[in-house]
Amino acid sequence: MDVLNSKQQISSYIINSQEEEIKRIALELHEGVGQNLYSILTGLQFIEASEKEPEMKNYVREMSQLIEKTIQEIRLLSVELHPPTLTTLGLLPAMKSYIKLYTSTFGILVDLESSGKEKWISEKNRITVFRVCQEALANIAKYADTSNAKINFIWSESELIISIDDFGKGFQPDETDFNHPSSGLAAMKERMLLTGGQCHISSKIGEGTSIVLSLPLVSRE
């Protein structure tokens, strides 16, 4: 038992350290690189407005459009790395925000429903559950061959249940090594175990894959 607890503590420390670094990078992209590019864009727009020579004016406009596109891509990447709403508003708003980005990127419509009263979740567990949902959605985009998915949040006093269904082509669970360290599915299970929760994965060929997450909820007091 001591060895197991020690392993979980090490895994938790590594994941928390990674998340702090991801959060720092996301902030730097948004407030550092993004702001610098915006300053360049403003300068280019000023040059374009004052330029008289048509060929140069068109060139500067093209550069401005490229900078605008880059700013948008950086903003989307920053949100994907660490949505600001995850810290400020909570898990459910962060998932809604991320799903909009996900749909615009992959063209997969995700129906998100929530029943029961949303409860407080610690920031560490918020991040963990968000990452697991993010990984599940990434797998749907890569492997499911589907245009629709559904996520359902069910809140009770003591537990949050999240189901993620893709209605895609599915796979054969007995041919998949859920415990292999390099497996994204194994990482999802491990992350949920560190919260005291569970991650159950089921799939049938031609019927899609279903992932059910359970997270114990504790009082803020």
Side-chain angles (χ1 to χ4, degrees), residues 15-16 18-20 22-27 29-31 34 69 71-168 184-185 187-189 191-192 194-195 197-201 208-218 220:
I15 289 172
N16 291 338
Q18 288 173 336
E19 289 296 339
E20 284 301 314
I22 288 171
K23 191 174 180 179
R24 184 192 67 78
I25 292 170
L27 190 63
L29 280 173
H30 185 266
E31 296 189 359
K69 183 174 181 292
I71 290 171
Q72 176 70 0
E73 288 173 350
I74 286 175
R75 186 187 73 81
L76 294 177
L77 179 59
S78 174
V79 170
E80 185 174 23
L81 284 172
H82 189 90
T85 50
L86 190 58
T87 301
T88 58
L89 298 179
L91 176 62
L92 193 55
M95 282 304 306
K96 289 177 179 178
S97 175
Y98 181 71
I99 284 170
K100 289 180 182 178
L101 169 62
Y102 177 83
T103 297
S104 68
T105 303
F106 298 107
I108 299 173
L109 296 175
V110 181
D111 179 21
L112 175 62
E113 294 183 0
S114 179
S115 59
K117 185 178 179 182
E118 184 177 358
K119 303 295 192 301
W120 177 84
I121 301 174
S122 70
E123 184 173 2
K124 184 176 74 171
N125 285 355
R126 257 180 276 162
I127 291 170
T128 296
V129 174
F130 179 84
R131 291 294 180 221
V132 172
C133 291
Q134 196 177 36
E135 177 70 21
L137 287 170
N139 287 338
I140 290 172
K142 288 178 186 175
Y143 308 116
D145 190 21
T146 184
S147 58
N148 294 88
K150 184 173 184 178
I151 300 179
N152 196 11
F153 280 61
I154 303 173
W155 304 84
S156 69
E157 288 300 318
S158 60
E159 188 178 42
L160 168 62
I161 301 293
I162 302 174
S163 62
I164 306 167
D165 300 284
D166 64 34
F167 316 111
L185 300 177
M188 291 163 63
K189 287 175 170 285
R191 278 180 177 267
M192 289 307 300
L194 291 173
T195 68
Q198 297 285 333
C199 173
H200 297 286
I201 301 167
T209 299
S210 179
I211 296 172
V212 179
L213 313 177
S214 62
L215 176 73
L217 299 174
V218 296
R220 298 181 73 165

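Atom CE of Met95 and atom CD of Gln134 lie 8.0 Å apart (nearest 0.5 Å). Considering CD1 of Ile151 and CD1 of Ile162, their distance stands at 8.0 Å, rounded to 0.5 Å. Between the CG atom in Asp145 and the CZ atom in Phe167 there is a gap of 15.0 Å [rounded to 0.5 Å]. To the nearest 0.5 Å, atoms CZ (Phe130) and CZ (Arg191) are separated by 11.0 Å. Atom OG1 of residue Thr209 and atom CD1 of residue Ile164 lie 11.0 Å apart, to the nearest 0.5 angstrom. Of the inter-residue distances, the one linking Glu135 atom CD with Ile211 atom CD1 reads 8.5 Å to the nearest 0.5 angstrom.
Side-chain N or O atoms of Ser214 include one that pairs as donor or acceptor with a backbone N or O of Gln198 at under 3.5 Å. Side chain of Asp166 to backbone of Gly208: no donor-acceptor contact under 3.5 angstrom is found.
Counting all heavy atoms, side chain and backbone alike, Ser210 lies closest to Asp165 at OG-OD1, 2.8 Å. Across Arg126 and Gly90, no two heavy atoms sit closer than the pair CD-CA, 3.9 Å. Closest non-hydrogen pair, Ser114 versus Asn152, comes out as N-OD1, 4.3 Å.
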(request) Report the C-alpha separation of Leu160 and Leu91 in whole Å, then their side-chain angles, then the decisive distance to 0.1 Å, and conclude whether the side-chain contact (heavy atoms from CB on, under 4.5 Å) test is met. (result) CA-CA 11 Å; Leu160 168 62; Leu91 176 62; 4.0 Å; yes
(request) Just do the side-chain contact (heavy atoms from CB on, under 4.5 Å) check on Leu86 and Glu123 with the steps written out, would you? (result) CA-CA 8 Å; Leu86 190 58; Glu123 184 173 2; over 6 Å; no
(request) Give the intermediate values and the outcome of side-chain contact (heavy atoms from CB on, under 4.5 Å) for residues Leu194 and Thr128. (result) CA-CA 9 Å; Leu194 291 173; Thr128 296; over 6 Å; no
(request) Could you walk me through whether Ile71 and Ile74 pass the side-chain contact (heavy atoms from CB on, under 4.5 Å) test, one step at a time? (result) CA-CA 5 Å; Ile71 290 171; Ile74 286 175; 5.8 Å; no
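Considering only residues two or more places apart in sequence or on other chains, Asn125 meets the side-chain contact (heavy atoms from CB on, under 4.5 Å) condition with Ile121, Ser122, Thr195, Leu215. In this view, Pro93 and Leu89, Glu118 satisfy the side-chain contact (heavy atoms from CB on, under 4.5 Å) rule, not counting sequence neighbours. Take Ser156 and apply the side-chain contact (heavy atoms from CB on, under 4.5 Å) test, not counting sequence neighbours, and it matches Ser158, Glu159. Taking Asn139 as the reference, nothing meets the side chain to side chain donor-acceptor pair (under 3.5 Å) condition, with sequence neighbours excluded. With sequence neighbours excluded, the residues that form a salt bridge (Lys or Arg N to Asp or Glu O under 4.0 Å) with Glu73 are Lys69.
For residues 96-110, the set of pairs meeting the side chain to side chain donor-acceptor pair (under 3.5 Å) definition, not counting sequence neighbours, is empty. Residue pairs that meet the salt bridge (Lys or Arg N to Asp or Glu O under 4.0 Å) test with at least one member in residues 101-116, sequence neighbours left out, are Glu113-Lys150. For residues 132-162, there are no ring pair (Phe, Tyr, Trp, His ring centres under 6.0 Å) pairs, not counting sequence neighbours.
Counting heavy atoms from C-beta outward, Met192 and Val129 have side chains that approach closer than 4.5 Å.
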